[in-house]
Enquirer: 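What follows is a structure written as structure tokens; I'll ask about it next.
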Amino acid sequence: MKFIADFHVHSHYSRATAKNLDLENLYIAAQLKGITVIGTGDFTHPGWLAEIKEKLVPAEYGMFRLKKEISRLCDQKVPKSCRREVRFILVSEISNIYKKNKKTRKNHNLVFLSDFNQADKFVSKLDKIGNIRSDGRPILGLDARDLLELLLESDDQAFLIPAHIWTPWFSLLGSKSGFDSIDECFEDLTSHIFAVETGLSSDPEMNWRVSALDGMTLISNSDAHSPLKLGREANLFNTELSFPAIKSAIKNGDPEKFLGTLEFYPEEGKYHLDGHRNCKIRSWPDETKKLGGVCPVCSKPMTLGVLYRVEELADRPGRVKPKHYHPFQNIIPLVEILSEVLKVGPNSKRVRQTYNNLLENLGSELDILTAIDKNVIDAAGVPLLGEAIIRVRQNNVILLPGFDGEFGKIKIFNPEERQKLQGQKPLFFVNTIHPTPDKPEKEYQKPVAFTLFQKFSKDKSRKSAKENSHKEKLNPQQRQAVEKNETAMIIIAGPGTGKTRTLTHKIAFLIQKKNVPPENILAVTFTNKAALEMRQRLETLLKKTKTDPFVGTFHSPTRSLMKKIGNFCCLMQFNRLGKRESL
């Protein structure tokens, strides 16, 4: 059975988490995302463990499901296209802060247990060591090696996976408080460590550079602090739904059973590069080394990011795969893609409504992101969405990496691409330079710019100059702008320099000298007063013409068009009713 699993989540008992982070909302979010197995998160907290026991019942070996009376109500909030069986597995994150080898260590670890009895036994042991009630993620002054020993004593099926192993502050290999190897941390129990979690700021390809991790299965999880963050990273399985089957697939790394991972773009992670957030300094490893790891603004040590730490421990060049590895695919959460496509915030009502419509029509989010054909996505009617998802699948995105606790930013389209893909044309057409051997791509010629100047004598005010400007001759700059044969021009001019005179003479020149039909000319301005002045000047310049060019405000062409459409619709209505043949 193929399914997606996200093991690392939290509860509303953990700090900095959403108030609605309960089992019901995790169950709903799992279906919306397309996830079958979720970690319970925080089962070491007595309050959360009580909720787990109250709402979950055993299903397959080591798996739990929501009670039917609860799941039945939750299913009403899930589109039928997304509904699926959801299972929970007992997982909790534990923070270990302790001294080892004369250095303070801060490691986060995920612990997996198979049933409630073993969980009770394990929680009881932790309760004697430290405070497990103040936070969903207990902080214990316990060596990570000793934590693993306690876990194995509580349940022979239990296992431990080091969490987000590269994060600077709280991880196995972090730059601030980690170790240089797994052996250094777990010593004689290292053989019981068979997998590590890569974290949001790294992906498998980065981890492949460190040969010491070759024997480890690289898993990925969301570390979700709210329900809809579920599945931003996840694991792909093809095995039966049971605790032993999942453990075996991870431990043995069988590519037929553990199929790989879905990955956050590591650049989007908030510790990918080095830097100082307060000083707004973002630094690549090579630059950091040149600076001696010191911030050039405040002269304090920078936070060394995941990429720096990977390069520090790497013994392979990039893009070299180990003998045994699992594939991975980068994804961007659908709400972030919709935010860019719709040009509104990811938490906006419009994004949420569009998200819900897509799930109702197409299926779960992860199916949309990874599997559904572009033509099917396009048929859902969200412009650019299909193209955006294809670009994400092909890793064709624009990245601004995160650093020192600040998430990175990802863009899929630049403004020019968006305009081209949407089929929009510029307001003013300009000449195109066709491809040549030295210029293979099309470029657009910049509009020619003209600057107008107007000198005033001491006995002539600007007002009188403006009133008589349509009777005066053009100065050299104005004449050049009028007679220059360019498709697009910019007139750069200040007050009283003859802008209106130049524009009206240009229109007259096009009609009288270039034989441009007046009805093919559109002249727009900002105010009715300015439009009236232009019309009056054109009447003087053009004498009599059969038709006049359209002169009005920016709103006028649309208003005129809508009026014509309204008259046409009225005509069609009369014809349909048979009351009149024409108007």
Side-chain angles (χ1 to χ4, degrees), residues 5-10 39 41-44 89-98 100-101 103-113 122 126 137-152 158-204 206-223 233-235 246-247 250-251 253 258 261 263-264 266 269 271 305-306 309-310 312-314 326:
D6 184 356
F7 300 120
H8 188 174
V9 303
H10 287 282
D42 298 348
F43 75 76
T44 52
I89 184 171
L90 291 169
V91 185
S92 186
E93 183 182 32
I94 295 173
S95 177
N96 298 86
I97 302 180
Y98 58 102
K100 191 164 190 171
N101 299 332
K103 185 177 179 181
T104 299
R105 312 292 181 172
K106 299 178 182 180
N107 311 144
H108 283 185
N109 298 286
L110 298 175
V111 293
F112 294 68
L113 284 98
F122 179 65
L126 297 186
R137 182 198 301 111
I139 301 173
L140 304 174
L142 179 67
D143 190 306
R145 181 257 173 222
D146 297 337
L147 172 68
L148 176 55
E149 184 174 40
L150 284 177
L151 181 68
L152 296 174
F159 60 99
L160 180 150
I161 296 179
H164 42 70
I165 60 168
W166 297 103
T167 304
W169 302 100
F170 297 97
S171 69
L172 172 64
L173 301 176
S175 62
K176 293 293 184 182
S177 59
F179 299 90
D180 289 340
S181 70
I182 297 174
D183 288 347
E184 190 182 353
C185 179
F186 292 100
E187 302 173 340
D188 58 315
L189 297 181
T190 298
S191 61
H192 294 277
I193 303 297
F194 47 78
V196 293
E197 182 187 65
T198 60
L200 299 181
S201 294
S202 83
D203 61 14
M206 293 170 63
N207 287 260
W208 294 341
R209 297 188 60 191
V210 182
S211 63
L213 298 176
D214 283 358
M216 300 289 145
T217 298
L218 305 177
I219 72 166
S220 295
N221 302 293
S222 66
D223 195 359
E233 291 201 329
N235 308 280
I246 289 173
K247 178 183 177 181
I250 299 174
K251 182 176 182 179
F258 185 82
T261 55
E263 299 280 339
F264 215 55
Y271 290 106
V306 168
R309 186 62 172 152
V310 168
E312 200 170 43
L313 298 182
H326 297 97

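For reference, positions follow the sequence shown, starting with 1.
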Enquirer: For the residue pair D146 / Y98, report whether a side-chain donor-acceptor contact shorter than 3.5 Å exists.
Expert: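 No pair is found: no donor N or O on one side chain lies under 3.5 Å from an acceptor on the other.
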Enquirer: Could you check whether H326 and F258 have their ring centres less than 6.0 Å apart?
Expert: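 Centroid separation for F258 and H326: below 6.0 Å.
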Enquirer: Hey, what do you get for CZ (R105) to OG (S177), rounding to the nearest 0.5 Å?
Expert: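 Answer rounded to 0.5 Å: 8.0 Å.
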Enquirer: If you define the side chain from C-beta out and look only at heavy atoms, does anything of N221 sit under 4.5 Å from N235?
Expert: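 Yes, close enough: below the 4.5 Å cut-off.
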Enquirer: Is the shortest heavy-atom distance from the side chain of V111 to the side chain of F43 under 4.5 Å?
Expert: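 Yes, side chains in contact.
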Enquirer: Does either side chain, that of S202 or that of N207, offer a donor lying less than 3.5 Å from an acceptor on the other one?
Expert: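 Yes, a side-chain donor-acceptor pair sits under 3.5 Å.
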Enquirer: Which atom names give the shortest non-hydrogen contact between A144 and C185, and what distance separates them?
Expert: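 Shortest heavy-atom contact: CB-SG, 3.8 Å.
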Enquirer: Compare every heavy atom of V310 with every heavy atom of V210, then report the nearest pair and how far apart it is.
Expert: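 Looks like CG2-O, 4.2 Å.
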Enquirer: Hydrogens and angles aside, do S220 and E263 bring a side-chain donor and acceptor to less than 3.5 Å of each other?
Expert: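 Yes, a side-chain donor-acceptor pair sits under 3.5 Å.
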Enquirer: Between D42 and R137 (salt bridge meaning N to carboxylate O under 4.0 Å), is one present in this structure?
Expert: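 Looking at R137 together with D42, the answer is no, because their closest N to O distance does not fall below 4.0 Å.
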Enquirer: I'd like to know if R145 and E184 make a salt bridge, using a cut-off of under 4.0 Å between side-chain N and carboxylate O.
Expert: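 Here R145 does not pair with E184 in a salt bridge, since their nearest N and O are not under 4.0 Å apart.
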Enquirer: Tell me yes or no: between the side chains of H164 and E93, is some donor less than 3.5 Å from an acceptor?
Expert: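 Short answer, yes.
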Enquirer: Please check if the side chain of K106 supplies one atom and the backbone of G178 the other of a donor-acceptor pair under 3.5 Å.
Expert: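 Side chain of K106 to backbone of G178, a donor-acceptor pair under 3.5 Å: no, none is there.
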Enquirer: Are N109 and N96 packed together at the side-chain level, in the sense that at least one heavy-atom pair is separated by less than 4.5 angstrom?
Expert: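 The answer is yes; the side chains approach within 4.5 Å.
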Enquirer: Using 0.5 Å steps for rounding, measure from the OG atom of S222 to the CG atom of D6.
Expert: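 It comes to 3.5 Å.
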Enquirer: Given H108 and S95, is the side chain to side chain donor-acceptor pair (under 3.5 Å) satisfied, shown in steps?
Expert: CA-CA 5 Å; H108 283 185; S95 177; 3.2 Å; yes
